[in-house]
Amino acid sequence: MYLDRDIIDETSQLLDLDRDGDALLYDTEEEQSVHMDFILHEYHQNGTTFVERYRDEEGGDSELERELLDAMVRAETSLFRVTEIDSSASQVVLEDVLGDETGIELTDRNFSRTAPPDILLFLRLVRLEDITMTSGLSFAFRPSTEEHLVSVYDQVLERTNRPESMSRFIIFHKLNRKYGLDVHQV
């Protein structure tokens with residue numbers, strides 16, 4: 001169940017992370033967190049992710065922990081557009097650009113204070129019964145890049161044989177390197 005060097009090496013290659021010998025060279029402070037999110041939620045070993053194995057083997061000490069683990073297993077990434085902001089409730093309302101869901105109320109104090117309307121956010125949403133939050137993963141893009149991002153995503157997705165969720169993550173990670181905004185500036 002534990003992380004080993006082979007998994008770190010394989011996932012860093014999938015994400016095209018820079019190396020200096022055995023050392024990983026992250027381009028930004030956030031890239032290490034992005035790498036860990038990918039390992040926890042996207043990398044499958046014996047057909048399951050780390051989050052699934054932890055939930056199944058360790059469970060949770062309370063009902064809330066079990067609910068959160070289940071929500072983390074169900075959590076998926078997508079590209080979202082911010083349609084409304086309610087900073088007093090620490091919420092932004094999202095529209096799924098890659099899907100057809102609208103009116104998603106995301107509770108996120110930082111985005112509710114800093115995200116401008118129409119900004120594009122690539123997020124992993126963790127949905128509990130009464131609250132939707134992120135896993136911590138976020139890439140931000142200018143609204144003007146939407147058509148190009150979706151086009152590149154569709155084209156690359158057609159040519160890959162990886163699971164769609166993993167491919168989506170890899171594609172948007174690479175798009176973030178080229179077109180992404182510093183999330184701290186959003």
Side-chain angles (χ1 to χ4, degrees), residues 1-4 7-8 10-12 14-15 26 28-115 117 119-140 162-170 172-173 176 180 182-184 186:
M1 173 160 151
Y2 298 102
L3 193 59
D4 65 27
I7 293 169
I8 292 171
E10 184 177 347
T11 55
S12 67
L14 287 168
L15 294 174
Y26 295 110
T28 64
E29 287 182 32
E30 292 78 26
E31 198 157 58
Q32 185 174 5
S33 295
V34 168
H35 188 196
M36 287 304 115
D37 187 280
F38 182 78
I39 290 170
L40 292 173
H41 294 277
E42 302 297 343
Y43 182 79
H44 286 75
Q45 191 174 38
N46 300 321
T48 60
T49 65
F50 277 89
V51 173
E52 289 170 312
R53 284 193 300 282
Y54 182 82
R55 180 200 59 189
D56 295 345
E57 294 171 13
E58 302 294 327
D61 292 336
S62 69
E63 183 178 339
L64 179 59
E65 287 178 8
R66 289 186 291 279
E67 287 176 24
L68 182 56
L69 285 169
D70 287 341
M72 290 174 70
V73 167
R74 291 189 310 270
E76 293 188 1
T77 59
S78 194
L79 182 65
F80 301 94
R81 178 184 309 104
V82 172
T83 59
E84 297 175 45
I85 300 162
D86 182 352
S87 56
S88 65
S90 296
Q91 290 189 328
V92 294
V93 178
L94 305 172
E95 176 182 333
D96 189 341
V97 173
L98 302 178
D100 57 3
E101 190 175 2
T102 60
I104 304 162
E105 294 180 352
L106 170 67
T107 301
D108 188 293
R109 186 177 199 156
N110 182 49
F111 285 138
S112 73
R113 293 181 175 172
T114 61
I119 193 83
L120 300 172
L121 299 172
F122 182 81
L123 306 167
R124 181 182 308 282
L125 295 184
V126 179
R127 299 174 186 215
L128 294 166
E129 187 174 330
D130 297 327
I131 189 170
T132 298
M133 56 190 162
T134 73
S135 66
L137 169 74
S138 60
F139 303 143
R162 292 187 187 98
E164 184 174 350
S165 179
M166 178 185 278
S167 296
R168 184 171 42 249
F169 191 109
I170 293 168
F172 276 95
H173 177 258
N176 181 58
D182 183 349
V183 176
H184 297 298
V186 173

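Only this structure's heavy atoms are used, side chains among them; waters, hydrogens and symmetry mates stay out.
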Could you walk me through whether E105 and T132 pass the side chain to side chain contact (heavy atoms under 4.5 Å, CB included) test, one step at a time? CA-CA 7 Å; E105 294 180 352; T132 298; over 6 Å; no
Taking it one step at a time, do T83 and T102 satisfy side chain to side chain contact (heavy atoms under 4.5 Å, CB included)? CA-CA 9 Å; T83 59; T102 60; over 6 Å; no
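The CD atom of E67 sits 6.0 Å away from the CG atom of L64 when rounded to the nearest 0.5 Å. Taking CG of D108 as the reference point, atom CZ of R113 lies at 10.5 Å (rounded to 0.5 Å). Separation of atoms CG (L14) and OH (Y43) is listed at 8.0 Å; rounding is to 0.5 Å. One finds the CG atom of L121 at 8.0 Å from the CG atom of L79 (value rounded to the nearest 0.5 Å). Distance check, rounded to the nearest 0.5 Å: NE2 of H44 to CD of E52 gives 5.5 Å. With rounding to the nearest 0.5 angstrom, the CG atom of D4 is 10.0 Å from the CD atom of E10.
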Going by atom type alone, with no hydrogens or angles, which donor-acceptor pairs under 3.5 Å involve a side-chain atom of residues 84-97 and a protein atom two or more places apart or on another chain?
unit_1 : atom_1 : unit_2 : atom_2 : d
D86    : OD1    : S88    : N      : 3.2
D86    : OD1    : S88    : OG     : 2.6
D86    : OD1    : A89    : N      : 3.3
Q91    : NE2    : T107   : OG1    : 3.2
E95    : OE1    : R81    : NH1    : 3.1
E95    : OE2    : R81    : NH1    : 3.0
D96    : OD1    : S78    : OG     : 2.5
D96    : OD1    : L98    : N      : 3.0
D96    : OD1    : G99    : N      : 3.0
D96    : OD2    : S78    : OG     : 3.3

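Identified under the salt bridge (charged side-chain N to carboxylate O under 4.0 Å, His left out) test for residues 127-138, with sequence neighbours left out: E101-R127.
Taking the side chain to side chain contact (heavy atoms under 4.5 Å, CB included) definition, one finds that S165 meets it with E42, R168, sequence neighbours left out. Contacts of E65 classified as side chain to side chain contact (heavy atoms under 4.5 Å, CB included), with partners at least two apart in sequence or in another chain: D61, S62. Residues forming a side chain to side chain donor-acceptor pair (under 3.5 Å) with D37 (at least two apart in sequence, or on another chain): R124, S135. Residues passing the side chain to side chain donor-acceptor pair (under 3.5 Å) test with S138, sequence neighbours excluded: none. Residues passing the side chain to side chain donor-acceptor pair (under 3.5 Å) test with T48, sequence neighbours excluded: R53. The side chain to side chain contact (heavy atoms under 4.5 Å, CB included) search around L15 returns L17, H35, F38, F169, I170, H173, not counting sequence neighbours. Residues satisfying the salt bridge (charged side-chain N to carboxylate O under 4.0 Å, His left out) criterion with D56, sequence neighbours excluded, are absent altogether. In this structure F122 satisfies the ring-ring contact (aromatic ring centres under 6.0 Å, His included) test together with F139, F172, sequence neighbours excluded. Residues satisfying the side chain to side chain donor-acceptor pair (under 3.5 Å) test with E76, not counting sequence neighbours, are none.
Side-chain contact check for L137 versus V34: some heavy-atom pair is nearer than 4.5 Å. Side-chain contact check for F80 versus I104: some heavy-atom pair is nearer than 4.5 Å. Put simply, the side chain of T49 does not reach to within 4.5 Å of the side chain of V73, judged on heavy atoms.
Across every non-hydrogen atom of S112 and R109, the tightest pair is OG-O, 2.8 Å. In terms of heavy-atom proximity, V51 sits nearest to L69 at CG1-O, 4.3 Å.
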